[in-house]
Amino acid sequence: GSEMCIRDSYKRKDGRFEGRIPFGRNDNGSLKYRYFYSKDLAELKDKMLSAYTSIEKYNTISCAKTLSEICAEWLSCAKLRVKRSSYCCYERNINKHILPYFKKTKYSELNSVKINAFIEYLLKNGKSNGKGGLSSKTIRDNIVLLRSVAKYAESEYGYKNPMRNVIMPKENTKAAMVFNRDERSSLQSYLMNDLNKTNVGILLAMYTGMRIGELCAVTAENIDIQNGVIFITKTVQRVSDTTGSSKTKVIVGSPKSRSSKRAIPIPNFLINILKNTPCNNGYLLTGTSKPVEPRTMQNRFKSVLKQCGVREANFHLLRHTYATVCIENGFDAKTVSELLGHSSVQITLNRYMHSDIEIKKRCVENLNLVS
């Protein structure tokens, strides 16, 4: 931005100040610069700022590409560096939310006002069926995506970055909803009374906090019975079969992030249960070389909740519950973060570290007067 350009100056040996600002690109793609000189630093900065403003206008006018064209170029680059599942997510957000809203908009026409209006639209009625807005996470995903596209256009062509002054909407930091003690007790009793492969899998998720895709990918070689540890190395996902296709396929790939590859200790009672759950050197949930698909496991879980009289909930609620129970039992944020496989402790703090009043009371009771 203009603030950065006026910092790019220094004092020469002859006593004058010299500054430079980027002005387009050479045929080989490298930046071209315009140089300015003055004996007075304030005067130099005024010259640079005035020139930079006119260059920004020039760059805006010279950008004839549409947002759709820029997005297509960015997707082609992203395809070479990200996982298949990540690429499918980017492609889906671009085609489902970004391009339908902006349609044939020229990239040069984008500015913070139009992008903020886009965010407002997603908040109120972003769903394709017209029934309300998108979740804060989906909206943030779209904004992060637009920022990446804008950075690409800026570095590749020197175009003005329309995302520079766009502020990310606040994330919902309310404590995650969890199963209460009675619900956990009812669910656990039901599972323990019928230790089939599906129920053992649900128990394992309750006491490890693993994601549903990670659970579906657990094989015999991931379970270390002797040391009471389970290793998360892969995840099962359904992704688009080919670019732009409505057809999908199930794949077994690497987990969500590098930190998602982790070792999770498991309670002794579960170790004994796993000893008596044969995998036949295949997947835990099937005992064969073919994994269960996450949405199949999701449906089975909802059926189990119905049979044991617990409210309907998403499988992911087991993960939220695991994290919350860990915190209630005094686990520190770093430990919880590593158990969950979060990419940073900050994610754990924002999502789960909202202790209720009873936990706060127990903490305060440990304070004593200084003797």
Side-chain angles (χ1 to χ4, degrees), residues 85 176-180 183-238 250-256 260-326 336 339-341:
S85 56
M177 187 172 67
V178 298
F179 289 118
N180 61 39
E183 290 171 327
R184 297 200 304 268
S185 178
S186 297
L187 178 58
Q188 183 173 286
S189 296
Y190 176 87
L191 298 172
M192 292 292 286
N193 285 328
D194 183 13
L195 291 173
N196 58 44
K197 290 186 183 298
T198 294
N199 291 352
V200 169
I202 296 171
L203 268 175
L204 193 58
M206 281 183 74
Y207 284 93
T208 61
M210 68 174 78
R211 301 175 179 95
I212 190 168
E214 294 169 345
L215 172 64
C216 292
V218 170
T219 60
E221 64 181 16
N222 296 131
I223 303 169
D224 183 348
I225 294 290
Q226 188 174 351
N227 293 304
V229 174
I230 189 159
F231 297 95
I232 306 301
T233 59
K234 293 192 177 297
T235 190
V236 177
Q237 293 171 293
R238 179 171 282 279
V250 175
I251 62 168
V252 180
S254 56
K256 191 172 182 180
S260 291
K261 288 188 175 183
R262 62 200 188 277
I264 310 175
I266 48 181
N268 288 331
F269 84 92
L270 255 181
I271 295 171
N272 293 327
I273 290 172
L274 290 172
K275 281 180 183 177
N276 299 312
T277 307
C279 295
N280 302 323
N281 291 322
Y283 288 96
L284 173 69
L285 298 181
T286 62
T288 69
S289 59
K290 187 177 180 181
V292 169
E293 186 182 343
R295 67 181 179 186
T296 301
M297 191 63 188
Q298 184 79 261
N299 291 333
R300 291 178 183 174
F301 175 64
K302 289 186 177 181
S303 176
V304 165
L305 292 180
K306 193 172 183 179
Q307 290 177 60
C308 62
V310 175
R311 65 193 158 104
E312 183 178 328
N314 194 291
F315 194 94
H316 205 70
L317 204 63
L318 291 174
R319 181 170 164 84
H320 290 321
T321 304
Y322 173 79
T324 303
V325 171
C326 285
V336 177
L339 287 169
L340 294 171

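- The minimum heavy-atom distance between Ile223 and Cys279, with the atom names listed, is CD1-SG, 4.4 Å.
- Contact check for Thr235 versus Gln237: side-chain heavy atoms found under the 4.5 Å cut-off.
- The salt bridge (Lys or Arg N to Asp or Glu O under 4.0 Å) pairs that include a residue from residues 185-212 are Arg211-Glu214, where partners are two or more places apart or lie in different chains.
- Considering all non-hydrogen atoms of both residues, Val310 and Ser186 come closest at CG2-CB, 4.0 Å.
- Between the side chains of Asn222 and Thr219, at least one donor N or O sits under 3.5 Å from an acceptor N or O.
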Dump the intermediate steps for side chain to side chain contact (heavy atoms under 4.5 Å, CB included) on Ile273 and Leu203, then the final yes or no.
CA-CA 10 Å; Ile273 290 172; Leu203 268 175; 4.1 Å; yes
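- At least one side-chain heavy atom of Met210 sits less than 4.5 Å from a side-chain heavy atom of Leu215.
- In terms of heavy-atom proximity, Ile264 sits nearest to Thr208 at CD1-O, 3.7 Å.
- Interatomic distance, Gln298 CD to Cys216 SG, rounded to the nearest 0.5 Å: 9.5 Å.
- Leu340 has its side chain out of reach of Arg262: every pair of non-hydrogen atoms, C-beta onward, lies at least 4.5 Å apart.
- The side-chain contact (heavy atoms from CB on, under 4.5 Å) with Ile230 is formed by just one residue from the set Leu270, Leu284, Ile266; it is Ile266.
- Residues Leu285 and Gly201 come closest through the heavy atom pair CD2-CA, 3.7 Å.
- You'll find the side chain of Ile232 stays beyond 4.5 Å of the side chain of Ser260, heavy atoms only.
- Formation of a donor-acceptor pair under 3.5 Å by the Asn314 side chain with backbone atoms of Leu317 is not found in this model.
- Rounding to the nearest 0.5 angstrom, the gap separating the OG1 atom in Thr321 from the CG atom in Asn180 is 9.0 Å.
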Between Glu312 and Lys306, is the salt bridge (charged side-chain N to carboxylate O under 4.0 Å, His left out) condition met? List the steps.
CA-CA 7 Å; Glu312 183 178 328; Lys306 193 172 183 179; over 6 Å; no
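- Counting only residues at least two apart or in different chains, salt bridge (Lys or Arg N to Asp or Glu O under 4.0 Å) contacts with residues 220-236 are absent.
- Between Arg300 atom CZ and Thr198 atom OG1 the span is 4.0 Å, to the nearest 0.5 Å.
- Contact annotation: the side chain of Asn199 approaches that of Asn196 to within less than 4.5 Å [non-hydrogen atoms, C-beta and beyond].
- Here CZ of Phe179 is found 11.5 Å from OG1 of Thr324. Values are rounded to the nearest 0.5 Å.
- Rounded to the nearest 0.5 Å, atoms CD (Glu293) and CG (Asn299) are 9.5 Å apart.
- In this structure, Leu204 and Leu274 have side chains that are in contact, with non-hydrogen atoms separated by less than 4.5 Å.
- Summarising the geometry, atom CG belonging to Asn280 is positioned 9.0 Å from atom OG1 belonging to Thr286; distances are rounded to the nearest 0.5 Å.
- Within 6.0 Å of CD on Gln226 lie no more than 12 heavy atoms contributed by other residues, nucleotides or ligands.
- A heavy-atom distance below 4.5 Å is not found between the side chains of Ile251 and Val236.
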Evaluation steps, side chain to side chain contact (heavy atoms under 4.5 Å, CB included), between Tyr322 and Met206
CA-CA 6 Å; Tyr322 173 79; Met206 281 183 74; over 6 Å; no
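- Phe315 has its side chain within reach of Met297: a pair of non-hydrogen atoms, C-beta onward, lies under 4.5 Å apart.
- A pairwise comparison of heavy atoms in Ala263 and Val229 identifies CB-CG1, 3.6 Å as the closest pair.
- Remark: the backbone N or O of Ser185 is paired with a side-chain donor or acceptor of Ser189 at under 3.5 angstrom.
- The shortest non-hydrogen separation linking Ser289 to Tyr283 is O-CE1, 3.2 Å.
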Determine, step by step, whether Ile212 and His316 satisfy the side chain to side chain contact (heavy atoms under 4.5 Å, CB included) criterion, reporting the C-alpha distance in whole Å, the side-chain angles of both residues, the deciding distance to 0.1 Å, and the verdict.
CA-CA 7 Å; Ile212 190 168; His316 205 70; over 6 Å; no
For Arg184 and Val325, what are the C-alpha separation, side-chain angles and deciding distance, and is it a side chain to side chain contact (heavy atoms under 4.5 Å, CB included)?
CA-CA 11 Å; Arg184 297 200 304 268; Val325 171; 3.7 Å; yes
